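Just so you know, these numbers come straight off a predicted model, no measurement behind them. Naming: A, B, ... by sequence-line order, numbering from 1 per chain.
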Amino acid sequence: MNRRISIMRRLRPAVMLAVIMALMPAIGRGDGCLDCHATWEEGAKAPSKLIKFDVHFKAGLGCSDCHGGNPNADDMDVVRKTKGFKGVPKPAEIPQFCASCHSDPVYMVKHNPSLPTDQLEKYKTSVHGMRLFEKGDGKVANCVSCHSVHNIESPLTPTSTVNIQNVPKTCAKCHADTSYMKEYGIPTNQYEEYQKSVHGIALLVNKDNGAPACNSCHGNHGATPPGVTSLGAVCGLCHALVADNFAKSPHKKAFDEAGFPECETCHSNHFVQKPQLNWVGTSDSSLCVRCHAANDGTRGFAVADSIHMALSHLNNAYNRAVGEIDQADQKGMMVTDERFALNDVKQAIIQGANEVHFFDATVVTKTAQDGSAAADKIYNSGQKKISDYYFRRKGLGIATLLITILVIALYFKIRTLEKN
Amino acid sequence: MIEQKLEPKRVGKGLYTWVDERLKIATLVEYMSHKVVPKHRGSIWYYFGGATLFFFVVQVVTGILLLLYYRPGADSGYESVKFIISEVSFGWLIRAIHSWSANLMILAAFIHMFSVFFTHAYRNPREMTWVSGVLLLGLGLMFGFSGYLLPWNELSFFATRVGTGMAGALPFVGKFLMTVMRGGDDVTGATIGRFFGLHVAILPGLFAVLLSFHLFFIQRQGMSEPLEWEKGAAGPRKYYPFFPNFLMRELLIWLIMLNILAVLAVVFPDGIGVVHWPLGQKADPFAPPPPVIRPEWYFMFAFQALKFMPAHLLSVEGELIGIGVMSLGGLLWMLVPFLARKNMEGQKPILINAFGWVVVIFIITMTIIGYILK
């Protein structure tokens, strides 16, 4: 017993040392700033509440790493007098404040080597940056306006304000605020329109993160609205084939000369809708008649009409084939090959829609004719399946009738036989 | 010269005489003309053997027709079945009849077997007829199992993988048996080759031999009379001639079966409910298995019973015990005529009937549970 107590006594310093070493990281993570701020009034308390979600805090950075000062000082006056104390930056100071680390490649490579270090340079070229630095406009967006403050999260985190799913809302925080944006004279309905657009529905409703958010077209740190000359290039980032076709079309030169923004002229900007067949053509609802008329001295009106006819024919052929195949399918006929072949027609429809941007009727007509021929073949096959179905039913009816007659005849024969 | 009139009766008689001179069939015809079939309230059960035979003949005919276009192999099995049902004239009908007839054959065979069991028609001297019949049902089930894989679609592939995997659970011979069945470690094109050979050559050969014995026994021994007659129950015993009365009745049943088969094959070419065989997607060994893998309905009771077995029972694998118990049950079932000999002698066969009902209830319950539980 005594021997055991003696061993325990000898081990006591070692145990205490081990406990202190184990607690060291926790002690290190403790920040005097947070201890005090947690006890202050609501506004000053906020950072201590939010910071636990912050990507910097999680990476081991403390308050003093950004704000300077001595985190272990008990008195705020002492803290303020500490060399390197930055305190709370003014809006105009924030980009530089963040850039002190984020523009330092040597520093950033140690923490997040994949992160670019040109955000400040880009920001300076943006509308936000120019207004902030050149006009001293503190209302424009700076780093914390989008990334939030003290609870900054990686853009990959779903709850981050700059996660692609949240970007439209983050931008809308200012851009949809009519009173806040009043002095800038720009519309505030972008978010409303975007939500109803194909892009907005794809991103926000269908949760397709491949769909564009605001920054996909406008940039993020170098946020700039695409101009007349750059709009085609911006849309062409995703719609490369269409942009390429448009560049080869007669409209390219005409739009450039007239100063029309390329894609936006027909498709609008934030309120981009799924293209409809009647957009191209010569009816009142078509977009072509906004510029072209029957006797305007150009071929535009006739070309629009031809393209519309070709695409209408293709669409009708496709719908007719689908209807026939569906009907055959409902009757239990095997239509897997026909369904597979329909993909070629769908492809022709997509190709035709892309080729509209050539604004050359011969190109679209050729594609539409090929697609229509394929659709007609499928329709005929579906029709044959349906007639096969009725042939089967008729055959069954006749066969069943004959067998039934035979059964009845045999029954009476047996009765007669057994009666005798 | 007086020209002789060519009358059908005279032609028939002439032909008969010609054949009789060579094969001496007169004695056989004499024998057949005296053959009689007992007439009683359970006579209806006599027709299920004939119905099974009818469906088997349909299987042979449609199977041969399918064979004209079917190409076994992982690269051709699915494609050839698709070709049969979409391109070949009436190919869809032949496949539908083959599939429906296969299921109806098993159903008719089950009904036939249980009717024989509960009427105790297996008793002396018909023990060998019973044994050959049970073996024929076993071969019929093997026909179903081997034929199921041949379209090489998603369902058949995974069901065969599960089925052959169960054989692999057997002690000592399991691994060997599974490898022989699969032609390797997994179900591949080699498995189709084996199953195809089994389905169109080995099984038909064995089946033909056993069926010949089975029919020969029936013809020699005649239809079994009710147990009550043997025990001297009151009332006159009635019979009717096998030819033409019974044969014509049998023909009537066959025609009705043919009608049912035609309607089912045309209206539901891909089957319906739990009895269905849509071609679906081609088998892809790397694709995830379908959420529900179910065997054919006639294997469902065994499949479900094995699923209910615990992982281990007294340190022995539960599945192994399940297979062992069911194999033993099958063996007992086949040997019933020998085991029930005493039970048949003048007493009511209560024990045997109870055994039969336990088997019937077990099969029905497990099958229903198998389809209810996902």
Visitor: Surrounding CE of Met309(A) (heavy atoms of other residues, nucleotides or ligands, distance under 6.0 Å), is the total greater than 12?
Guide: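 Counting neighbours around CE of Met309(A), 12 or fewer heavy atoms of other residues, nucleotides or ligands fall under 6.0 Å, so no.
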Visitor: Where is the tightest heavy-atom contact between Val407(A) and Leu252(B), given as atom of each residue plus distance?
Guide: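 Reported closest heavy-atom pair: O-CD1, 3.1 Å.
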Visitor: Counting distance alone, with no hydrogens or angles, which donor-acceptor pairs between chain B and chain A are under 3.5 Å?
Guide:
residue	atom	partner	partner atom	Å
Lys82(B)	NZ	Asp337(A)	OD1	2.8
Arg249(B)	NE	Glu418(A)	OE2	2.9
Arg249(B)	NH2	Glu418(A)	OE1	2.9
Arg249(B)	NH2	Glu418(A)	OE2	3.3
Asn259(B)	ND2	Thr404(A)	OG1	3.1

Visitor: With a sphere of 6.0 Å drawn around CZ of Phe90(B), does it hold more than 12 non-hydrogen atoms of other residues, nucleotides or ligands?
Guide: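 For Phe90(B), atom CZ is not crowded (no more than 12 foreign heavy atoms under 6.0 Å).
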Visitor: When only heavy atoms count and the cut-off is under 4.5 Å, which of residues 260-268 of chain B reach chain A?
Guide: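 Heavy-atom contacts from residues 260-268 of chain B to chain A are Ala262(B), Val263(B), Val266(B), Val267(B).
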Visitor: Within the supplied structure, the quantity of interest is the number of heavy atoms (other residues, nucleotides, ligands) at a distance under 6.0 Å from Phe391(A) CZ; does it exceed 12?
Guide: no
Visitor: At a 4.5 Å cut-off on heavy atoms, which part of Ile253(B) comes close to chain A: side chain, backbone, both, or neither?
Guide: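 Answer is neither: Ile253(B) stays 4.5 Å or more from chain A.
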Visitor: Which one, Val335(A), Leu402(A), Leu406(A), leads in non-hydrogen pairs under 4.5 Å with chain B?
Guide: Leu406(A)
